[in-house]
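Here is the structure we will look at, set down as structure tokens.
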Number of protein chains: 2
Amino acid sequence: MKATINDVAKQAGVSIKTVSRVMNNESSVRQLTREKVMKAVNELHYQPNLAARNLAGSKAYSIAFIYDNPNAYYVIDMQNGILAACKQQGFELIIHPCQAKSEHVLDEIADMVRKSRVAGLVLTPPFSEMPEFVQKIIDLDVDVVRIMSGDVAPDEIAPCIMVNDHAASESITQHLIDLGHKHIGFIGGESAHMSTVERLRGYKKALTDNGIIVDERLIIDGEYSFESGVHGAKQLMSEDVRPTAIFSCNDEIAAGSLFAARLMGISIPDQLSIAGFENSPFSRQTWPRLTTANQPNQKIAEDAANILIAKSRKQLAKNSVNHYTPRLIVRDSTGKISNLN
Amino acid sequence: MKATINDVAKQAGVSIKTVSRVMNNESSVRQLTREKVMKAVNELHYQPNLAARNLAGSKAYSIAFIYDNPNAYYVIDMQNGILAACKQQGFELIIHPCQAKSEHVLDEIADMVRKSRVAGLVLTPPFSEMPEFVQKIIDLDVDVVRIMSGDVAPDEIAPCIMVNDHAASESITQHLIDLGHKHIGFIGGESAHMSTVERLRGYKKALTDNGIIVDERLIIDGEYSFESGVHGAKQLMSEDVRPTAIFSCNDEIAAGSLFAARLMGISIPDQLSIAGFENSPFSRQTWPRLTTANQPNQKIAEDAANILIAKSRKQLAKNSVNHYTPRLIVRDSTGKISNLN
DNA sequence: AATGAAATTGACAGCGCTGTCATTATCAAA
DNA sequence: TTTGATAATGACAGCGCTGTCAATTTCATT
């Protein structure tokens with residue numbers, strides 16, 4: 001049924017080794033031979049067997065995606081990005097959701113690596129931001145790419161993709177300030193995530209640069225969830241100094257803030273501006289639509305996978321560092337400060 | 001570095017075949033021997049290599065998930081369900097998003113099956129509902145489970161998981177009727193999806209059973225998207241006979257309907273009741289929260305994977321058929337008909 | 001204690017491919 | 001035309017496991 005390398009070799013009148021060379025795009029195969037082989041490959045619908053390649057070769061053909069993230073849009077975007085890179089290169093994707101808090105995470109990952117040879121792991125926050133954890137993974141003798149928040153890579157132990165949340169957050173806050181807001185609330189995600197720290201930093205920077213004093217009462221610790229947005233907004237709106245704008249650390253929190261505002265009969269954006277972060281599909285599905293910052297997760301993930309693939313082919317000299325800065329997208333949930341307040 | 005079956009055999013003082021037997025839970029291994037082997041396995045952190053198993057054995061250890069669905073929540077739920085089954089049984093998940101409309105789908109799937117030995121495919125709509133397509137896949141000599149809409153399996157060519165959209169839709173519509181609504185709009189998803197057809201059927205059944213005449217002007221063709229909900233609701237609310245309630249074919253459409261209602265200054269549920277379908281996370285994240293029907297996607301997917309696993313172990317006599325009926329969840333987007341209308 | 005059937009174990013080939021190394025073909029330069 | 005270097009190809013082992021089948025052990029019966 002399924003054609004093997006032997007069938008192709010026979011049909012093309014060459015040795016299996018030559019077929020192998022063609023399939024792996026190795027040089028030193030004469031053009032004529034290559035064509036003969038490709039003809040047979042096409043006729044037989046030959047597709048090299050991954051298991052056999054994995055077993056026989058020293059190269060790997062899979063990439064693992066490690067995450068602990070309840071955000072479906074994020075996960076799907078990342079998957080699709082990795083998949084795009086994989087498809088081009090004949091790689092396979094192994095998805096590995098896990099609990100950052102579990103004590104077994106490392107064991108689980110180690111088991112996975114023992115079970116399937118893997119070209120490398122795509123590490124997302126919070127894993128990517130735990131230096132000792134990353135080091136332990138590397139000690140497992142696997143390659144790794146870290147996707148993390150920040151403008152400068154923290155160390156050289158692995159290639160990084162840095163997302164400049166600081167700058168993006170600054171531009172969101174600046175946008176709010178430009179609209180006339182002076183009392184701007186901030187609802188954070190998990191403080192263990194660097195993205196929260198960085199976004200808070202950008203928020204403070206913008207305020208300070210504009211001569212606005214940071215009011216700690218307007219800064220709420222939260223987590224990256226809808227519910228957290230609901231609570232955060234309720235809390236902020238019951239402060240003595242009510243903010244006229246809220247910067248929510250991601251779109252889900254923002255949606256929650258929106259929800260809470262509705263409950264309290266506050267109209268958006270007339271009485272309160274709300275901004276999110278991430279540009280996930282549902283920032284377009286709230287009413288009003290959310291002002292946010294676009295984080296190109298799919299591109300980032302594709303990048304990450306390509307780095308791993310290049311590395312496994314020894315085409316990567318040193319640990320590269322790529323940079324992304326989310327861009328402000330103004331929609332309807334933010335507006336000029338009105339005299340209703 | 002990584003322990004192989006040889007290392008374990010040596011350490012346990014048995015042959016590799018015996019180790020293999022233990023790892024595969026075969027009978028006819030003495031208890032004492034089994035313990036010796038397991039001791040070595042644990043000491044060496046031995047994990048059988050998947051590639052080698054795939055290559056050597058006649059069994060497969062992967063399940064492929066085939067889908068064409070923009071709904072991130074749906075996909076994640078399904079993945080997690082399959083993954084749960086896989087984890088228990090040492091299987092691996094291969095995700096395969098693809099375009100139902102593309103002419104290459106079948107080739108792509110065929111290539112995937114040639115490349116990785118697979119225990120079977122989990123087919124979701126629309127693939128699962130295309131009989132000729134399913135047959136072609138089966139002709140590829142792969143096992144298949146179909147997850148589809150309906151109360152009776154259409155044929156015997158493969159095991160099915162039937163989701164009774166008809167009954168669920170009927171109970172949603174009945175709920176609306178019980179609240180006093182007589183003009184109930186319906187916004188469908190893609191009409192190529194059986195779920196749309198079945199939900200429409202349930203809707204009509206409930207109306208008819210309650211002596212309400214079906215008004216075709218209140219039935220809008222759409223697709224499973226937020227935008228479609230926006231358009232559909234706008235259209236419905238500009239009819240001569242304005243509906244007092246809208247049954248949207250899924251939560252995204254419902255969210256869109258909600259959005260459109262806001263734009264038009266219609267308050268929910270006072271002036272208009274809106275119901276969704278699926279109970280995706282964001283039915284809880286709109287304002288007001290959506291009345292919907294809970295579709296247990298994760299359970300369904302786990303089921304599907306387990307069927308495939310059982311089948312690949314010849315533990316399944318005939319093609320099984322499982323049934324699920326989504327259950328009504330009443331939240332805040334539906335209410336008694338008011339005299340505002 | 002001898003017997004035979006059943007339970008338990010092991011030797012060995014081979015899954016489909018790649019890596020290594022040896023062999024052969026090719027071609028410019030002498 | 002011969003030579004030598006280089007390009008192109010092939011033979012063969014072996015990756016880590018399972019399937020087959022044969023060898024050995026066990027144990028209830030005689």
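Scope of the values below: all heavy atoms of this structure, side chains included, with no hydrogens, waters or symmetry mates.
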Result for 5'-nearest mapping on DNA chain D, choosing between A/V29 and B/N49, is A/V29
[X] [atom1] to [N] [atom2], straight-line distance once rounded to whole Å:
X	N	atom1	atom2	result
A/K2	C/dC15	NZ	P	15 Å
A/N54	C/dC15	CG	C1'	14 Å
A/L55	C/dG19	CG	P	12 Å
A/K59	C/dT18	NZ	P	7 Å
B/Q31	C/dT8	CD	P	11 Å
B/I5	D/dC15	CD1	C1'	13 Å
A/D7	C/dC15	CG	P	11 Å
A/K115	D/dG16	NZ	P	18 Å

So B/Q11 and B/D7, side chain to side chain donor-acceptor pair (under 3.5 Å) or not? Walk me through it. CA-CA 6 Å; B/Q11 174 126 349; B/D7 303 323; over 6 Å; no
Could you work out which one of C/dG19, C/dC15, C/dT26 sits closest to the side chain of A/S58? C/dG19
A/T4 side chain, from C-beta outward: closest of C/dG14, C/dC17, C/dT9: C/dC17
Within residues 47-68 of chain A or reaching into it, pairs that qualify as salt bridge (Lys or Arg N to Asp or Glu O under 4.0 Å) - sequence neighbours excluded: none
Looking at DNA chain D, which of residues 15-28 of chain A put a heavy atom within less than 4.0 Å of it? A/S15, A/K17, A/T18, A/R21, A/S28
Set of residues satisfying side chain to side chain donor-acceptor pair (under 3.5 Å) with respect to B/N80, sequence neighbours excluded: none
Between B/K136 and B/E132, does any NZ, NE, NH1 or NH2 come within less than 4.0 Å of an OD or OE carboxylate oxygen? no
Lys/Arg N to Asp/Glu carboxylate O, A/R114 vs A/D107, below 4.0 Å: no
Taking the ring centre of each residue, are A/Y73 and B/Y73 less than 6.0 Å apart? yes
Mind listing the closest non-hydrogen atom pair of A/A100 and A/F127 along with its distance? CA-CE2, 3.5 Å
For C/dT8, take OP1 and OP2 only and decide whether either is under 4.0 Å from a side-chain N or O of B/R30. no
